[in-house]
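Single-structure report; data block below.
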Amino acid sequence: MLETILNRLLLSIPVLLGVLILGFVLVQVAPGDPARVLAGPAAPPEIVAQIRERMGLDDPMVVQFMRYMGRLMQGDLGRSLISNREVVVELGAAIGPTLELMLACLIWSIPAGISLGTLAAVWRGSLVDRAIMAFSVAGVSLPIFFICLVLIQLVGVKWQLLPFIGRGGPLWTVDGLRHIALPALSLGLIFIGPVARMTRSSVLEVLRLDHVRTARAKGLTERAVIVRHGLRNALIPVITLIGLQAGYLLGGAVVTETIFSYPGIGRLAVGAILSSDFPLTQGAILVLALAFILVNLVVDVLYALLDPRVQKK
Amino acid sequence: MSTTAEIDTAALAPRRRAWWQLLLADRAAALGLLILALIVLGAALAPLIAPHNPYASSRAVMLPPVWEARGTWTHILGTDGQGRDMLSRILYGTRTTLIIGVVAVLVGGIFGSLLGLLSAFYKRIDPYVMRLVDMMLSFPAILLGLALVAVFGPGVVPVIVALAIATIPDCARIARSIAVSVMEQEFIEAGRAVGLSDRALFTRYLMRNCVSSIMIFISLRFGQVILIGAALSFLGLGARPPAAELGMMAAQGRDFLLFAPHIAVIPSVAIFVIVLCANIVGDALRDVLDPRLRG
């Protein structure tokens with residue numbers, strides 16, 4: 001077990017390094033000379049040269065990269081060009097809301113997707129099955145921004161049931177819940193489809209296996225057969241799917257946060273890119289990439305824990 | 001008179017229907033294919049059939065579509081916030097959206113499948129290629145898109161490049177798994193035994209037997225790529241005004257949702273229809289051609 005985890009950890013090191021290099025390149029190729037920006041447009045060339053020297057911009061790339069890594073280790077990502085606040089502070093304030101949004105989305109969409117997928121598998125070929133599958137194909141085909149706009153239009157504007165701008169506070173407060181409801185609903189709607197599909201095919205596969213037939217033969221109720229012997233084994237691929245779809249979910253979150261003006265990392269990244277705020281962009285992309293690597297790591301380890309066959313490979 | 005001559009062997013053999021007949025027998029898939037063909041045709045012929053100049057604004061702003069009370073036949077789908085004809089913009093926008101998706105998926109698909117096929121063919125490089133693919137997989141398309149746009153600035157090209165790169169690892173994995181099973185077949189060994197060169201073996205024996213399965217995967221992927229591309233344009237990171245692109249058009253309609261919802265709704269529905277048809281056709285193709293890919 002430990003070996004599996006260690007192996008997996010080792011595998012993430014080159015990825016991590018790649019992400020760091022990308023972040024470094026991002027700042028390097030950014031247009032404009034940082035020394036010139038700092039000195040101001042009217043400064044004489046000698047002053048600019050002096051600042052260049054002091055910032056170490058004339059050093060070889062490798063030295064600069066090492067210095068950048070050193071700063072990164074100390075949690076120094078520079079300052080935002082727009083707000084002049086430290087990038088780390090800005091990012092820190094945005095991580096919590098994004099995690100809350102993810103939690104609020106997954107907490108309803110995964111159970112919903114698994115239930116729908118199981119129902120479709122149990123009543124295979126029936127009208128229910130076809131309706132659920134049609135719903136899930138439609139779900140993966142709808143642009144997320146359209147779902148957001150329709151929900152805003154109906155629930156927010158027409159019926160005035162829920163707020164649709166910003167964040168109301170932490171998740172455990174009433175206002176926080178009210179504000180997160182629509183973004184979480186939108187994001188969840190695009191996630192139900194893949195989960196339902198995967199659950200359906202996985203349950204169908206498991207229900208064909210011998211141990212399920214044995215369970216039926218010994219007279220268990222259909223419900224017990226499906227829940228205890230079918231679903232439990234069928235959930236393993238579903239967990240992998242959640243890992244595989246993390247990127248899909250992330251893309252959805254970026255759009256959702258932007259539309260609902262929800263102060264998370266996704267909106268921060270889009271805003272930073274659009275305003276050419278390179279230090280903030282770099283920081284946001286680094287955090288998103290790290291989070292993604294972490295999710296994949298956790299899912300792989302979880303997979304190995306749930307399915308002992310994986311460890312032997 | 002010999003009896004064997006009279007037996008028509010073709011009539012006795014169970015008639016195997018060609019894959020496209022099976023596909024067209026699936027009513028949903030046939031309909032999806034038809035709609036998709038019409039959409040592609042409309043987008044390709046946009047300069048010829050568009051009733052108005054898609055970039056020319058007029059005073060008739062936010063005109064509703066023809067089926068609403070104030071709609072007119074001059075602007076069948078109404079006009080947008082700047083008085084530009086929606087139908088013409090949808091035709092041109094579909095063109096941009098389709099080009100982004102098709103180029104990205106083809107470029108990424110070709111590089112990805114070559115990588116996968118080579119990896120299965122030359123077992124020496126397999127571990128290295130797969131390690132590379134694993135690394136690429138941990139970098140989702142949207143993040144790649146954000147990073148490239150951050151470096152090169154918003155535009156169609158960085159979006160296409162990001163989507164193409166993001167297609168490579170998935171495609172390489174699928175291509176490899178298909179190719180590995182083909183490589184185990186006897187005809188590969190037979191080809192080797194008669195002294196075929198690696199190149200002939202690769203192109204004539206391996207590639208030809210993998211191409212259809214890979215095409216299915218690419219068609220299944222197409223919808224997702226269109227969605228991500230449209231989302232990036234919606235965020236202002238892809239196509240730039242005044243160009244018409246469906247995601248960007250939906251974003252422009254955001255401000256008019258209250259008075260003229262059609263400006264955002266029509267492009268969104270267009271994206272939905274394209275992706276839905278692509279997904280339905282892709283699913284049906286897979287079921288007909290290669291049920292192994294199911295899952």
Side-chain angles (χ1 to χ4, degrees), chain A residues 11-12 14-16 18-19 22-23 25-26 28-31 134 137-138 140-147 149-150 152-153 157 190 197-198 201-202 205 237 244 246-255 258-259 266 269-270 272-274 276 278 281-282 284-285 288-289 292-293 295-297, chain B residues 28 32 131-132 134-154 166 170 223-224 226-237 246-247 250-251 253-254 257-258 261 264-265 267-280 282-283 294-295:
Chain A
L11 204 68
S12 353
V15 182
L16 197 62
V19 169
L22 189 88
V25 170
L26 202 64
Q28 290 301 309
V29 298
V137 175
V140 291
S141 308
L142 264 176
I144 171 89
F145 51 80
F146 188 50
I147 299 177
L149 292 181
V150 168
I152 288 179
Q153 189 63 21
V157 178
I190 64 162
R197 258 172 103 113
M198 190 76 194
S201 68
S202 173
E205 207 154 291
L244 281 175
Y248 175 69
L249 206 57
L250 178 67
V254 171
V255 177
T258 310
I259 294 183
V270 173
I273 292 172
L274 286 177
S276 303
F278 291 101
T281 305
Q282 179 206 30
I285 289 180
L288 287 176
F292 195 74
I293 294 174
V295 167
N296 274 305
L297 189 70
Chain B
R131 200 51 56 89
L132 180 78
D134 278 344
M135 276 173 57
M136 286 175 80
L137 265 182
S138 55
F139 220 79
I142 186 85
L143 212 50
L144 211 56
L146 290 180
L148 285 181
V149 171
V151 174
F152 299 106
D170 289 322
Q224 285 176 34
I226 293 263
L227 279 184
I228 303 172
L232 284 169
S233 290
F234 180 90
L235 293 172
L237 305 173
L246 296 177
R254 246 175 100 180
L257 264 183
L258 274 183
V265 170
S268 306
V269 170
I271 299 172
F272 173 59
V273 172
I274 295 173
V275 176
L276 185 66
C277 290
N279 282 340
I280 291 175
D283 276 351
R294 190 166 218 160

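As a basis for the values below, the full set of heavy atoms in this structure was taken, side chains included, without hydrogen atoms, waters or symmetry mates. So you know, we letter chains A, B, ... as the sequences are listed, proteins then strands, and number each from 1.
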Does any heavy atom of chain A fall under 4.5 Å from the side chain of B/Leu258, the backbone, both, or neither of them? both
Are side-chain heavy atoms of A/Leu142 and B/Leu276 found at a separation under 4.5 Å? no
Please classify the contact between B/Leu146 and chain A as side chain, backbone, both or neither, with a heavy-atom cut-off of under 4.5 Å. both
How about A/Ile259 and B/Phe234: do any of their side-chain heavy atoms sit closer than 4.5 Å? yes
Side chain to side chain donor-acceptor pair (under 3.5 Å) against A/Gln282, all qualifying residues, sequence neighbours excluded: A/Tyr68
Side chain to side chain donor-acceptor pair (under 3.5 Å) with B/Ser268: which residues, sequence neighbours excluded? none
State the OH-CD distance between A/Tyr248 and B/Gln224, to the nearest 0.5 angstrom. 7.5 Å
Does some side-chain heavy atom of A/Arg197 sit less than 4.5 Å from a side-chain heavy atom of B/Asp283? yes
Find out whether B/Pro140 and A/Phe292 are in side-chain contact, i.e. whether some heavy atom of one side chain is under 4.5 Å from a heavy atom of the other. yes
Given that the side chain runs from C-beta out, which part of B/Ala231 has a heavy atom under 4.5 Å from chain A: side chain, backbone, both or neither? both
For A/Pro143 and B/Ile271, which heavy atoms make the closest approach, and how far apart are they? CG-CG2, 3.8 Å
With B/Leu257 as reference, evaluate A/Leu149, A/Val150, A/Val157 under the side chain to side chain contact (heavy atoms under 4.5 Å, CB included) test and give the passing residue. A/Leu149
B/Val265 portion near chain A, given a 4.5 angstrom heavy-atom threshold: both
Separation between CD1 of A/Ile273 and CG of B/Leu232, rounded to the nearest 0.5 Å: 9.0 Å
Of the non-hydrogen atoms in A/Ser141 and B/Phe272, which two are nearest, and what is the gap between them? O-CD1, 3.5 Å
Closest heavy-atom contact between A/Phe145 and B/Ala250? CE1-CB, 3.6 Å
Quick one: pull up CG in B/Leu143 and CG in A/Leu288 and give me the separation to the nearest 0.5 Å. 5.5 Å
